[in-house]
Amino acid sequence: MIKVIIIRNNDSINAFELSGHAESGPVGQDLVCAGVSAVSFGAVNAVIKLCEIEPIIDQGGEGGYLRVELPAKLDEDTRSKAEWLLEGMLVSLETIELDYGQYISISEK
């Protein structure tokens, strides 16, 4: 199962962490894994390009782990844009969870 943890600061997404594998199909054909990967990496790439910032990224060994945190010192406008992009990511992940909840779990702290 893929576990998604959304880390909020004052109701705004400050970071997120993905861990585990969906195992909803054979390697290379796992649609849940592909969807979660596309959504999360697309959001991170959008933050980097559109907000012109480098988030703090930690990626684990054989895959199955990604942690992304917004830098502490951002101007208010840039932080707001980055947070909206991450909120959009969360909406997409929640949509995946609606149909494939046995393979993905989302929690917030």
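Across Leu85, Leu70, Ile6, a single residue satisfies side-chain contact (heavy atoms from CB on, under 4.5 Å) together with Ile13, and that is Ile6.
Ion pairing between Glu83 and Lys81 fails under the 4.0 Å rule for side-chain N and carboxylate O.
Scanning both residues, Cys51 and Thr78, for their nearest heavy atoms gives O-CG2, 3.6 Å. For the pair Pro71 and Arg79, the tightest heavy-atom approach, listed with the atom from each and the gap, is O-NH2, 2.5 Å. For the pair Met89 and Ala43, the tightest heavy-atom approach, listed with the atom from each and the gap, is CB-CB, 3.5 Å. Of all heavy-atom pairs spanning Pro55 and Val47, the tightest one is CG-CG1, 4.4 Å. The heavy-atom pair separating Cys33 from Ala22 by the smallest distance is N-CB, 4.0 Å. Taking all atoms of both residues into account, the shortest heavy-atom contact from Ile104 to Leu93 is CD1-O, 4.2 Å.
Open room surrounds CG on Leu31; 12 or fewer heavy atoms of other groups in view lie less than 6.0 Å from it.
We find the CD-CE distance between Glu23 and Met1 to be 10.5 Å, quoted to the nearest 0.5 Å. Atom CG in Leu90 sits 6.0 Å away from atom CZ in Arg8 (nearest 0.5 Å).
Within the 4.5 Å cutoff, no side-chain heavy atoms of Ile48 are placed close to those of Ile53. For the pair Val68/Ile56, no side-chain contact is recorded, criterion being any heavy-atom separation below 4.5 Å from C-beta on. Between Ser105 and Val4 there is no side-chain heavy-atom pair separated by less than 4.5 Å.
Residue Val36 is grouped with residue Ile106 when hydrophobic side chains (ILVMFWY) are merged at heavy-atom distances under 4.5 angstrom, including chains of intermediate members.
Between the side chain of Asn14 and the backbone N or O of Ile7 there is no donor-acceptor pair closer than 3.5 Å. Of the possible polar contacts, none joining the Asp30 side chain to the Pro26 backbone as a donor-acceptor pair under 3.5 Å is found.
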Decide side chain to side chain contact (heavy atoms under 4.5 Å, CB included) for Leu18 and Tyr65; before the verdict, give the C-alpha distance in whole Å, the side-chain angles of both, and the deciding distance to 0.1 Å.
CA-CA 5 Å; Leu18 304 174; Tyr65 182 79; over 6 Å; no
Taking it one step at a time, do Lys109 and Glu17 satisfy salt bridge (charged side-chain N to carboxylate O under 4.0 Å, His left out)?
CA-CA 11 Å; Lys109 59 173 170 170; Glu17 183 175 284; over 6 Å; no
Please report the C-alpha distance between Phe16 and Val44 in whole Å, then the side-chain angles of each, then the deciding distance to 0.1 Å, and finally whether the side chain to side chain contact (heavy atoms under 4.5 Å, CB included) criterion is met.
CA-CA 10 Å; Phe16 70 90; Val44 172; 3.7 Å; yes
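When only modelled atom types and interatomic distance are considered, Asn9 and Ser12 share no side-chain donor-acceptor pair under 3.5 Å. Residues Glu97 and Tyr103 bring no donor and acceptor atom of their side chains to less than 3.5 Å of each other.
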